[in-house]
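Computation of the quantities below employed the complete heavy-atom set of this structure, encompassing side-chain atoms and omitting hydrogens, waters and symmetry-equivalent molecules.
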Amino acid sequence: MITRAEYCVVACAEAWRGDGEILAAPIGTVPRLGARLARRTFSPDLVLSDGEATLVDEEGRVEGWAPYAKQLTMATGGKRHVMMGASQLDRHGNQNISCVGDWARPRRQLLGARGAPVNTLNNPVSYWVPRHSPRVFVERVDMVSGVGYDRAAEAGPSATRFHGLRRVVTDLAVLDFATPDHRMRLASLHPGVTAEEVQERTGFALEVPAEVPETRAPTPDELRLIREVLDPEGAREREVPS
């Protein structure tokens with residue numbers, strides 16, 4: 001039986017389909033597996049790194065060196081596709097990883113904006129949310145770390161040149177922004193999940209098509225790669241328990 005985590009790995013891999021020679025920057029166990037799976041199958045030109053200064057292949061073998069300055073150049077020129085996490089996301093894709101509550105006196109301090117503004121304004125971005133919840137999908141983020149479509153449009157051409165939010169993968173579904181006003185849309189449902197369940201766990205009204213397809217299942221070869229090559233110890237199942 002294919003597990004929910006394995007559907008999520010494939011859904012994350014699909015974020016890099018068609019990207020060509022671009023640096024994948026996945027954050028999290030399932031996104032990292034997705035990037036490596038994409039490189040091994042339908043995106044062979046994808047560039048992977050160890051998260052620091054070394055370029056590696058899907059097995060982790062060294063392919064090259066990219067010092068931090070070089071990676072910043074790729075980040076600011078549209079040649080990197082990051083898959084980040086999010087403590088909060090709103091309907092236009094504004095992301096918060098900085099704090100919960102009033103910025104002047106937050107109830108909880110989080111990571112801080114870090115590279116999220118640069119990432120979202122300068123290269124393609126996707127998001128990975130391992131626990132789909134109304135605490136994450138909110139009407140309004142408490143602080144904007146990653147820039148969504150509405151705020152990028154308000155800022156003008158300098159903000160929209162490389163801005164593009166590709167997809168949001170969660171443990172329930174895949175979402176995107178393929179609507180006229182770039183509001184979050186339900187793109188596919190993982191097996192056993194209903195559109196009503198996703199909406200109940202979202203703090204704003206999603207755009208829901210009349211027919212929502214099921215998330216693509218891994219092929220037999222992809223399933224073999226996930227289980228036997230990329231993650232034989234099953235770390236994916238700890239991030240997305242069945």
Just verifying a value: how many Å separate [X] [atom1] and [Y] [atom2], rounded to the nearest 0.5 Å?
X	Y	atom1	atom2	result
Leu165	Leu89	CG	CG	9.0 Å
Leu121	Asn123	CG	CG	9.5 Å
Glu197	His132	CD	NE2	9.5 Å
Arg91	His182	CZ	NE2	15.5 Å
Cys8	His190	SG	NE2	4.0 Å
Glu6	Arg236	CD	CZ	4.5 Å

Between His92 and Met184, is the side-chain contact (heavy atoms from CB on, under 4.5 Å) condition met? List the steps. CA-CA 6 Å; His92 288 288; Met184 195 178 291; over 6 Å; no

Carboxylate-amine/guanidinium proximity below 4.0 Å for [X] and [Y]:
X	Y	value
Arg105	Asp102	no
Arg216	Glu222	yes
Asp19	Arg166	yes
Arg167	Glu14	no

Judged by atom type as modelled, is there a donor-acceptor pair below 3.5 Å linking the side chain of [X] to the main-chain atoms of [Y]?
X	Y	answer
Gln109	Ser98	yes
Arg4	Asp171	yes
Thr41	Leu37	yes
Arg39	Leu46	yes
Asn96	Cys99	yes
Ser133	Arg135	yes
Gln199	Leu206	yes
Thr120	Val147	yes
Asn94	Asp90	no

Please name the pair of heavy atoms, one in [X] and one in [Y], separated by the smallest distance, quoted to 0.1 Å.
X	Y	answer
Phe204	Val138	CD2-O, 3.2 Å
Leu186	Ala195	CD2-CB, 3.8 Å
Ala152	Ala159	O-CB, 3.6 Å
Ala15	His81	O-CE1, 3.1 Å
Gly101	Asp142	N-OD2, 2.9 Å
Pro130	Glu239	CB-O, 4.1 Å

Look at the side-chain heavy atoms of Ile, Leu, Val, Met, Phe, Trp and Tyr, link any pair under 4.5 Å apart, and say whether [X] and [Y] land in one connected group.
X	Y	value
Val125	Val136	yes
Val169	Phe177	no
Val168	Val198	yes
Trp16	Val9	yes
Val129	Val212	yes

Will you find, in the side chains of Arg80 and Asn119, an N or O donor that is under 3.5 Å from an N or O acceptor?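 Yes, side-chain donor-acceptor contact under 3.5 Å.
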
Between Thr3 and Glu237, is any side-chain donor less than 3.5 angstrom from a side-chain acceptor? yes

What verdict does the side-chain contact (heavy atoms from CB on, under 4.5 Å) test give for Gln88 and Gln95, after you've listed the backbone C-alpha separation in whole Å, the side-chain angles of each residue and the deciding distance to 0.1 Å? CA-CA 6 Å; Gln88 293 178 331; Gln95 172 234 36; over 6 Å; no

For the pair Tyr149 and His163, name the ring-plane relationship: parallel under 30°, tilted 30 to 60°, perpendicular over 60°. perpendicular

Go through the steps for Phe137 and Thr170 under the test side-chain contact (heavy atoms from CB on, under 4.5 Å), then give the verdict. CA-CA 11 Å; Phe137 292 91; Thr170 81; 3.7 Å; yes

Other residues, nucleotides, ligands: >12 heavy atoms within 6.0 Å of Arg131 CZ: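 Count over threshold, so yes.
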
Which is it for Val10 and Thr215 under the side-chain contact (heavy atoms from CB on, under 4.5 Å) test, yes or no, and what are the steps along the way? CA-CA 9 Å; Val10 169; Thr215 303; over 6 Å; no

Within-4.5 Å side-chain heavy-atom neighbours: Cys12 and Met83: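 With C-beta onward as the side chain, the pair touches.
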
